[in-house]
Amino acid sequence: MTAEALRNRIETLRAAMRPLEPDGEARAELGERALRHALDYLAGVPDAPANRPWAEVFAQRLDPEFPETGRDAESVLDYFAACVERPGFATTSPRFMAYVPGGGLFHSALGDLLAAVSNKYSGFASASPGAVRLENAATAWLAEVVGYPEGAAGTLTSGGSLANLTAIVAARDAADAEGGGAVYATRFAHHCLDKALHIAGRRDAPLRRIATDSRCRMSVEALAAALEADASAGIRPWLVVASAGTVDTGAVDPLAEIAALCRRYGAWFHVDGAYGGLFALCPEGREKLNGIELSDSIALDPHKTLFLPYGTGAVLVRDGRHLLASFSASADYIRPLGESEVGPSPADLSPELTRHFRALRLWLPLQLAGVAAFRAAQAEKLALARYLHARLSEIQGFDPGPLPDLSIVAFRYRPQSGDPDAFNERLLRHVQEEGRVMLSGTRIDGRFTLRCAILSFRTHIEHVDEVIEALLRGIAALQGGADA
Ligand SMILES: *Cc1c(COP(=O)(O)O)cnc(C)c1O
């Protein structure tokens with residue numbers, strides 16, 4: 001092709017790609033439309049059901065399309081509202097108290113918008129010193145919250161699973177390079193531990209399931225016995241994984257005692273604090289987490305306990321050099337970009353290279369709302385859990401279980417007759433199908449147990465009262481049905 005022919009071809013292509021860059025006016029219109037949509041959605045959150053049946057997705061019979069020619073924004077947003085926003089769990093609802101809720105701070109959504117629009121490259125300091133400084137300031141702040149000393153390092157991940165994986169790879173390289181070391185965890189450890197061991201090439205590491213006490217916390221005596229048994233049999237204790245808030249009941253393992261045992265046996269002490277670790281921000285939570293600062297690594301989930309929208313976990317390593325040793329980039333074309341006065345580059349602390357500029361969605365709400373508001377919200381959640389526990393204790397028939405360590409209440413109802421497991425399962429299904437409040441369940445030592453996890457910043461005392469009302473409605477319906 002001649003240059004002239006190419007010029008014509010290029011001009012044609014340029015005209016065809018124009019929809020990718022709307023002009024200022026079109027951007028404003030699109031942006032305002034999307035923002036209005038988001039604000040309308042949020043306006044409906046207080047009264048919308050916390051759970052809507054799956055069937056709604058299929059009832060719409062609308063498969064996502066990938067059209068050759070762009071469609072108008074209104075019809076795209078309509079699709080999104082009907083087929084994506086409506087059905088399933090409303091994790092934005094103040095009455096969503098299943099699994100481990102997040103919430104989704106609006107400030108963070110704005111942070112995501114700004115991060116995406118500026119598209120700063122947060123992997124390397126040389127590319128965006130300001131973004132990397134913010135990333136490092138965010139992890140330094142988290143390290144301060146948990147009480148780590150100078151010299152700690154960390155990185156923001158996509159979530160808790162990747163935070164745990166990152167820590168376990170660092171622990172492997174630092175303390176189990178040749179393999180063969182044993183791992184210690186209770187049966188309440190999150191299943192992402194199994195995935196992480198698998199990915200880290202340690203699927204076959206001897207895994208000691210340490211017994212728990214009556215409150216589902218790791219038994220220090222049982223851990224000491226397991227460590228001693230391995231050490232005297234010539235098996236090296238490699239990794240102890242403690243929970244700072246289990247998913248089942250929110251139980252916090254005795255971290256300070258576990259730390260002392262890890263020191264004695266030379267084991268790496270990792271804390272999975274994805275649910276509970278960040279309660280260290282408020283004094284009530286800090287007290288429960290005594291000893292977390294003695295660990296070698298911690299996984300956290302700002303998208304749970306700092307109320308961010310999904311997509312942000314964090315890993316911290318007490319001696320940050322271990323994180324660099326495991327993940328520092330070695331490719332020659334990257335090396336010269338190296339270090340800087342704004343600290344290490346995220347790409348040298350994690351398996352990721354190019355990544356979302358996550359710090360902005362964490363930093364912006366802390367700037368706009370202030371740390372005190374977060375501290376108050378966390379303390380409120382802890383108090384709400386104790387309030388629910390107290391209310392359940394006052395109602396005939398409920399077995400509210402032990403006082404919650406954090407913000408999860410695990411409880412059962414004792415039916416007048418019949419199998420309590422089957423009854424509690426049916427009760428949960430009734431509440432979920434009604435959809436006004438959303439709870440979840442678990443099995444603890446074979447017993448089906450209901451869970452109420454209070455963690456959304458939107459959840460207040462009237463919503464906890466609604467949990468009781470929904471349960472009482474369910475009980476009346478089920479027992480009425482049984483008597484009929
Ligand atoms: C949520 C959670 C995880 C997994 O984190 P994701 O962010 O879902 O990947 C791991 N451990 C605990 C204790 C959790 O609560």
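Read the numbers this way: they start at 1 and go in the same order the structure lists the ligands and their atoms. As a basis for the values below, the full set of heavy atoms in this structure was taken, side chains included, without hydrogen atoms, waters or symmetry mates. Model, not experiment: these values are computed from the prediction.
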Test of understanding: with ring pair (Phe, Tyr, Trp, His ring centres under 6.0 Å), list the residues that count as partners of Tyr184, not counting sequence neighbours.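 Here no residue qualifies.
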
In chain order, what residues pass the ring pair (Phe, Tyr, Trp, His ring centres under 6.0 Å) check against Phe423, with sequence neighbours excluded?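 Phe423 satisfies ring pair (Phe, Tyr, Trp, His ring centres under 6.0 Å) with Tyr413 only.
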
Quick one: pull up CG in Leu165 and OG1 in Thr157 and give me the separation to the nearest 0.5 Å.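 Those atoms lie 9.5 Å apart.
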
Without swapping roles, check the side chain of His198 against the backbone of Arg203 for a donor-acceptor pair under 3.5 Å.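 Answer holds: no.
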
Could you tell me whether the side chains of Ser122 and Arg355 share a donor-acceptor contact shorter than 3.5 Å?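 Yes, because at least one side-chain N or O of Ser122 sits under 3.5 Å from a partner of the opposite role on Arg355.
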
Those residues that, when tested against Arg202, pass salt bridge (Lys or Arg N to Asp or Glu O under 4.0 Å) (two or more places apart):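 With neighbours one apart ignored, the set is Asp176.
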
Please tabulate, line by line, the atom pairs linking an N/O of ligand 1 to a protein N/O at a distance below 3.5 Å, with the distance in Å to 0.1, or answer 'none'.
unit_1	atom_1	unit_2	atom_2	d
ligand 1	5 (O)	Gly160	N	3.4
ligand 1	5 (O)	Ser161	N	3.3
ligand 1	5 (O)	Asp301	OD2	3.2
ligand 1	7 (O)	Gly160	N	2.7
ligand 1	7 (O)	Asp301	OD1	3.4
ligand 1	7 (O)	Asp301	OD2	2.6
ligand 1	7 (O)	His303	NE2	2.8
ligand 1	9 (O)	Gly160	N	3.3
ligand 1	9 (O)	Ser161	N	2.8
ligand 1	9 (O)	Ser161	OG	2.7
ligand 1	11 (N)	Asp272	OD1	3.3
ligand 1	11 (N)	Asp272	OD2	2.7
ligand 1	15 (O)	Lys304	NZ	2.8

